[in-house]
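Notes follow the structure.
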Amino acid sequence: MARFIFVTGGVVSSLGKGLSSASLAYLLQSRGYKVRLRKLDPYLNIDPGTMSPFQHGEVYVTDDGAETDLDLGHYERFTGVSAKKIDNITTGRIYNDVLKKERKGMYLGKTVQVIPHITDRIKEFIKNDSSKEDFVICEIGGIVGDIESLPFIEAIRQFSNDVGKKNTLFIHLTLVPYLKSSDEIKTKPTQHSVKELRSIGVQPDIIICRSERSIPLEHRKKISLFCNVDIKNVIETVDVRTIYEAPISFFKEKLDSQVLEYFKLKSKKPVNLGPWKKITKIILQTKKQVNIAIIGKYVELKDAYKSLDEALIHGGIQNNIKVNLVRIDSENLKVSEIPKKLKDISGILIPGGFGRRGTEGKIAAIKYARNNKIPFLGICFGMQMAIIEFARNKLNLKKATSSEINKKGLPVVGLINEWIKDGKTIKGTDKDLGGTMRLGAYEAKLDENSMIRKIYGKKIIIERHRHRYEVNINYKDKFEKKGMNFSGLSPDGLLPEIIELNNHPWFIGVQFHPEFKSRPFAPHPLFSSFIKASKNHK
Ligand code: GLN
């Protein structure tokens with residue numbers, strides 16, 4: 001049976017529970033164990049698919065077509081294990097499942113309650129498909145003390161009773177703040193948070209203390225005493241310079257060996273930190289830099305394009321260059337300001353997006369990239385915008401648009417009518433927005449003599465998708481006559497997947513999201529090639 005590790009958070013959110021869980025997973029994996037990561041989110045949305053990135057950061061997409069929390073991206077990047085639909089659950093989905101069962105009369109006349117029915121469903125999720133794993137690490141979203149997370153904490157308390165304390169471990173991640181005015185480190189918030197956790201029946205076995213500076217022994221002792229945790233299990237995590245230092249830092253603090261000791265397990269192999277040390281060194285020591293503009297709507301929030309930022313950094317690692325991400329808000333991008341704003345930029349990227357706001361700024365920036373031969377990568381919405389720009393300015397279709405933006409224009413980009421998934425035909429819709437996009441891994445066939453074929457070095461690729469609209473295939477010939485090639489199509493030849501320009505050093509648009517599959521130790525070829533072209537641009 002798998003052993004279960006639960007990671008809760010305290011004091012404040014955004015302390016890096018996801019990265020801590022992912023780092024621990026890597027370390028255990030490197031010691032020879034099989035690890036699965038899961039995320040339990042306490043909000044009522046069924047999944048984050050309909051949420052704005054302003055609310056919840058990026059929506060991550062798995063191969064099997066789930067729209068999930070961005071922490072699943074960290075999990076995949078740190079462990080190389082592809083996450084699945086069943087690895088992320090929300091309160092909304094739990095209630096939805098329970099209520100559906102209730103309507104079918106499956107509770108046999110009983111009163112349906114949070115305990116046991118909701119907590120039972122949570123426990124089923126935790127255990128689901130875990131028999132082949134050595135460890136399942138479950139991260140609980142939010143912080144202890146939130147009303148919403150109560151059923152989850154109650155469920156993990158029960159779970160530990162069900163499967164036995166020796167098979168479950170509770171890790172609590174808290175903040176140990178440093179007060180500048182009094183030059184002191186404060187343990188009280190941690191004590192309070194643990195008190196809160198204990199009041200609902202969960203005694204942490206390990207406390208990870210996030211701190212700006214190293215925590216002196218006397219403070220650790222205090223935490224150990226007041227929180228009833230062995231001093232060896234009070235582990236500090238001091239802010240790292242890059243996230244890739246996190247596994248190195250947790251190893252130094254012996255997090256993984258404490259976990260193994262708890263479960264009375266031995267390491268099967270020595271931990272290999274070599275790859276992390278190598279990329280950390282490149283990131284921290286490389287002097288040469290390249291400026292890449294990300295022109296989008298959600299640039300104010302750092303997490304809105306998390307996987308994209310990471311993929312660009314991976315491309316930099318591959319090319320031994322530091323990538324500076326210059327975020328530009330497309331809504332406030334005036335045409336007249338473009339040359340000035342993009343003066344020191346060597347590559348332009350338009351990421352995925354939704355809705356009308358900010359589209360004209362994106363289209364103007366694409367025109368600038370095309371005319372000035374600046375490397376350009378358009379992802380999903382970015383590719384659709386590149387199509388509209390080209391149609392308007394090169395094919396002279398002045399009314400060209402996407403039906404997502406304007407229902408009355410000429411829809412060179414329109415709602416997908418239908419597509420094939422696992423042999424079944426799925427119909428497109430813009431009426432019901434939850435989970436109805438073309439989601440997850442689909443194949444694309446690449447043209448023999450295209451740039452994209454050279455970049456991937458393959459005829460067929462599999463990439464993750466998340467879109468409702470598509471470039472209208474009927475325009476293919478018109479575009480190609482003017483030098484924009486549809487160089488990758490869905491296997492049935494109906495959905496344009498990739499576009500590229502003939503007379504341009506590097507201008508590519510893709511209907512999928514390559515960023516979801518880039519890994520620090522296996523940078524995605526498209527990002528490596530884009531960064532290489534940008535590096536050569538100036
Ligand atoms: N809004 C566009 C569509 O649904 C693009 C989506 C995206 O960029 N992920 O097709």
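Remember, it's 1-based here, ligands and their atoms both numbered in the order they're listed. In what follows, residues are counted from 1 in the order of the sequence shown. In what follows, every heavy atom counts, from backbone to side chain, and hydrogens, waters and symmetry copies are set aside.
Screening K367, K297, R392 against E360 for a salt bridge (charged side-chain N to carboxylate O under 4.0 Å, His left out) leaves a single residue, R392. Considering D69, D129, D87 in turn, D87 is the only one that fulfils the salt bridge (charged side-chain N to carboxylate O under 4.0 Å, His left out) rule with R38.
Looking only at protein heavy atoms, the nearest one to atom 4 (O) of ligand 1 is R468 N, 2.9 Å. The protein non-hydrogen atom at the shortest distance from atom 10 (O) of ligand 1 is Y469 N, 2.9 Å. Of the protein's non-hydrogen atoms, the one nearest atom 7 (C) of ligand 1 is C380 SG, 3.0 Å. Remark: minimum distance from atom 5 (C) of ligand 1 to any protein heavy atom is reached at G353 O, 3.3 Å.
Here the shortest heavy-atom pairing between F152 and P42 reads CE1-CA, 3.5 Å.
Within the 4.0 Å heavy-atom criterion, the part of E404 lying near ligand 1 is the side chain and not the backbone.
Applying the 4.0 Å criterion to heavy atoms of G352 picks out, from ligand 1, the atoms 8 (O). Proximity to R466 (heavy-atom distance under 4.0 Å) selects the following atoms of ligand 1: 6 (C), 7 (C), 9 (N).
Between F479 and F486, the two ring planes are tilted [angle within 30° to 60°].
Residue-ligand proximity: E470 is placed with every non-hydrogen atom at 4.0 Å or more from ligand 1.
Centroid-to-centroid, the aromatic rings of F516 and Y60 come within less than 6.0 Å.
Heavy atoms from other residues, nucleotides or ligands lying under 6.0 Å from NZ of K482 number 12 at most.
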